[in-house]
Each structure stands twice: as structure tokens, then as C-alpha cells.
There are 2 protein chains.
Amino acid sequence: MKYEDEFVKLEDHLCFSLYACSRAIFRLYRPFLDELNLTYPQYLVLLVLWERKQSTVKELGELLGLDSGTLTPMLKRMEAAGLVERKRSAEDERVVMITITEEGNHLKEKAVCIPRSLLESTGMTEEEVITINNVIKKLLHNVNTASMK
Amino acid sequence: MKYEDEFVKLEDHLCFSLYACSRAIFRLYRPFLDELNLTYPQYLVLLVLWERKQSTVKELGELLGLDSGTLTPMLKRMEAAGLVERKRSAEDERVVMITITEEGNHLKEKAVCIPRSLLESTGMTEEEVITINNVIKKLLHNVNTASMK
DNA sequence: AACAATTATATTGTGTACAATTTAAATGAA
DNA sequence: TTCATTTAAATTGTACACAATATAATTGTT
């Protein structure tokens, strides 16, 4: 009945565990991403573009849970680095199409080994990771549903 | 055998789920914390100080997984807001003691209801949250152990 | 058609994160 | 004791996050 009590400690805050854990995993990614000159959020954008070649800022925002205030400058940096192209759609001038470049696509080959490397460095089994991921995805869904109201 | 494959999708990246989920929960906290004029990381600092009244920058860094580059400016803002005091230790001039003020301590009464409110808004049971928290804390431990090597 | 409302990005401003470096104090070995 | 090493914070610089606002294009209503 922790949540009935007067005070919930830091360590009992699920939100803190998630926050600390995601940053701790960022740290594991860093040496691999440094190799590719990528930040973690940039890597996430590429994951989307490796799947579908092309996307809009709006769609990237929905998939990653980021807004244009975060994405616009990040995508400009990625464009400057030669990883993506930004072009206004001809049909709807409000929309900016983000397309992956040859160079951006080429990084995929160097990046595919990262998930397995990280899995090994934590010493966890693939099944464990998949199970936890499903739990977190369900939690994310609950939280997003809650924030709609 | 996802991790043996050529390519792991965004949604199968546990790290992305954790990252998205922790930011989604931040969003649930926001209206409550706005009321107290706190950011989420500042709330975390107060959680520590509500437990032990006093801490050092180093200790806060270890507990929260943040470094002085993040904490120093944040603690200065909290000092400016009247929530904490920053004072060099007399025994060891390198150490900065962070002490909670009357005002900072007073916020505790307004904040204790937050965890329960959030629990209710997600519609999850306390047992579920505790279970997930234990899973994530174990994962965090594994990740931190991995990064030592 | 005219114009209000909506939509997709961009911009501005504040607050983290964190690597890398700096500074000053304390510790330890010769 | 003396000086190299270590340690705790602070500083610098870059990159997110995100609220709030602005801008321009499209859609919906009358």
C-alpha cells in the first residue's frame, strides 16, 4: 500500500526507474553511435527511414513522440551531415518530406549489429528483452490513453 | 530470433520503449508539477532531499545518475527559487552541501498526492506498477554492471 | 468567392543531459 | 615537506525536449 502512504520514495517511482534506465542504455549505445557520428535520437530517426525510405516531419513526430521544435533543428543537422534530404511536398506546401540519402542508407549496414552487441553486453537473453519490451509497450499505451482524457 | 536478423525495427528496441515511456509519464506529471513550479528533474532532487534533508552534489549525482554539468545549474535555479541552499563544506572545501529550505520542505505536503493521482489516471493497479518497477530496476542494474566493464 | 478555422512546420526561449575541460582543494608517495 | 595524483564542482559547448507562438498553406463554411 505504498501509494496510500504519506510519501513515496525515489526508488519506488516507476517513472524514475524508466528515466534512469533509458539514459543508462543511451550510455551503452554511445560508443557504437560515436563510431557512426550519430546521436541516439538521430539513430531513431534513421531506424524509421531505414524501414520506409521516406517520411514527413509530422509522421516522424508521431512515431517518435517528438514535436517540430525538436525535430526541425535535428533534421537540419542530419541534412547538413548528408544523411537525409528535406523537401517541401509539391501537393501540399505545408508538408516537408524527409528522404534518406545514399549515405544515410549506407549506415544501415554498419548499424545492424548494434542491437545484438548491446544484448550481449547486458548478459540478458533475447526472450527477457522481448518480454520486458512488451510490458513497457503496454505501459506506454496505458499512459498515452490516460493523457488523452 | 529478432536480434539475429539483419535489421531490428524501432518498435522492437527496448531502449526506445523506455525512452518514449519515460517522456510520456513526464507529460502526465507536468500539470501537477506546474502547480508547484517544478520541473521533473527538480522534483527528483526534492524527493531525495525530502528523505534526508541534506546531500552533496556528488551524492545527488550518484542517486539520480546526473553529473555536475547538469546538477550545478539546476541547483542554482532551485536556490534562486528558494527551495534549497548551496554551501561549501567547512571540512572539505571541494564539497558543496545542498540543504532543503523551509519552503522546499513545505512543498512535500502538496506533492505527496501526486503518485496516487498518476496511478489512478493510468488505471493500473499498485501491484502492476510495483512489479514493472522491480523489472526495470533489475534491468537498470544489469545495464549499469555492463557499462562498468 | 471570402474568410474563419485548421494544419504542418518553423521559431523562440527555457531547462535539462552530457562530454570535455578547468579550477581549486585534498591526498598520497618519495 | 614537496609535488604529482586524485577528487568535487564549475564551466563550456553541443544537442535534445518541449511549451508557446508565429507563419504560411489548406480546408471548411457561408
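Throughout, protein chains are lettered first and strands after them, A, B, ... in sequence-line order, and every chain is numbered starting at 1. Just so it is clear, the model here is predicted, and its values are computed rather than measured.
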Between dA19(C) atom P and Phe26(A) atom CZ, what is the distance in whole Å? 12 Å
Of the listed dA17(D), dT16(C), dA15(D), the closest approach to the Arg23(B) side chain comes from dA17(D)
Test for a donor-acceptor pair under 3.5 Å between the base of dA8(D) and the side chain of Ser68(B), counting only N and O atoms. no
Answer yes when Glu35(B) and Arg30(B) have at least one side-chain N-carboxylate O distance shorter than 4.0 Å, and no when they do not. no
With nearest nucleotide decided by heavy atoms, which residue, Pro73(A) or Arg30(A), maps closer to the 5′ end of DNA chain C? Pro73(A)
What integer distance in Å separates Leu75(B):CG from dA10(D):C1'? 12 Å
Whole angstroms only, please: what is the CG-C1' distance between Leu33(B) and dG15(C)? 14 Å
Classify the side chain of Thr72(B) and the base of dA9(D) as holding, or not holding, a donor-acceptor pair under 3.5 Å. no
Judged by each residue's nearest nucleotide on DNA chain C, which is more toward the 5′ side, Lys76(A) or Gly65(B)? Lys76(A)
Between the side chains of Ser17(B) and Asn133(A), is a donor N or O closer than 3.5 angstrom to an acceptor N or O? yes
Between the side chains of Arg86(B) and Glu79(B), is the shortest nitrogen-to-carboxylate-oxygen separation below 4.0 Å, so that they form an ion pair? yes
Report the C-alpha separation of His13(B) and Tyr43(A) in whole Å, then their side-chain angles, then the decisive distance to 0.1 Å, and conclude whether the ring-ring contact (aromatic ring centres under 6.0 Å, His included) test is met. CA-CA 11 Å; His13(B) 275 69; Tyr43(A) 169 70; 5.6 Å; yes
Over 60° means perpendicular and under 30° means parallel, so tell me whether Phe7(A) and Trp50(B) are parallel, tilted or perpendicular. perpendicular
For the base of dT7(D), is there a side-chain donor-acceptor partner from Arg94(B) under 3.5 Å away? yes
Give Glu91(A) one of three labels, base, sugar-phosphate or nothing, depending on what nucleic acid heavy atoms sit under 4.0 Å from its own. sugar-phosphate
Ignoring the backbone of Arg77(A), work out which of dA10(D), dC16(D), dT16(C) is nearest its side chain. dC16(D)
Below 30° counts as parallel, above 60° as perpendicular, anything between as tilted: where do the rings of Tyr19(A) and Phe26(B) land? tilted
Starting from P on dT7(C), measure out to CD on Glu62(A) and report it in whole angstrom. 12 Å
Would you kindly give the NZ-to-C1' distance between Lys87(B) and dA10(D), to the nearest whole Å? 19 Å
Kindly point out which of dA10(C), dA17(D), dA19(C) is positioned nearest to the side chain of Arg27(A)? dA19(C)
Is the shortest side-chain N/O distance from Tyr19(B) to OP1 or OP2 of dA17(D) below 4.0 Å? yes
Answer with base, sugar-phosphate or nothing: what part of the nucleic acid does Thr39(A) contact at a heavy-atom distance below 4.0 Å? sugar-phosphate
Checking dT11(D), dT26(D), dA26(C) against the side chain of Asp92(B) (C-beta onward), the nearest is dA26(C)
Whole-Å distance between dT7(D) P and Lys58(B) NZ? 8 Å
Identify whether any heavy atom of Asp67(A) sits under 4.0 Å from a base atom; if not, whether one sits that close to sugar-phosphate; answer base, sugar-phosphate or nothing. base
Per atom distances to the Glu93(A) side chain, the nearest of dA9(D), dA10(C), dT26(D) is dT26(D)
Tell me: CE of Met74(A) to C1' of dC18(D), nearest whole Å? 14 Å
Need to verify one output field. Residue with the more 5' nearest nucleotide on DNA chain D, Leu66(A) or Ala90(A)? Leu66(A)
Which nucleotide, dT9(C), dC16(D), dC18(C), lies nearest any side-chain atom of Thr70(B)? dC18(C)
Spacing between Asp34(B) atom CG and dT14(C) atom C1', to the nearest angstrom: 13 Å
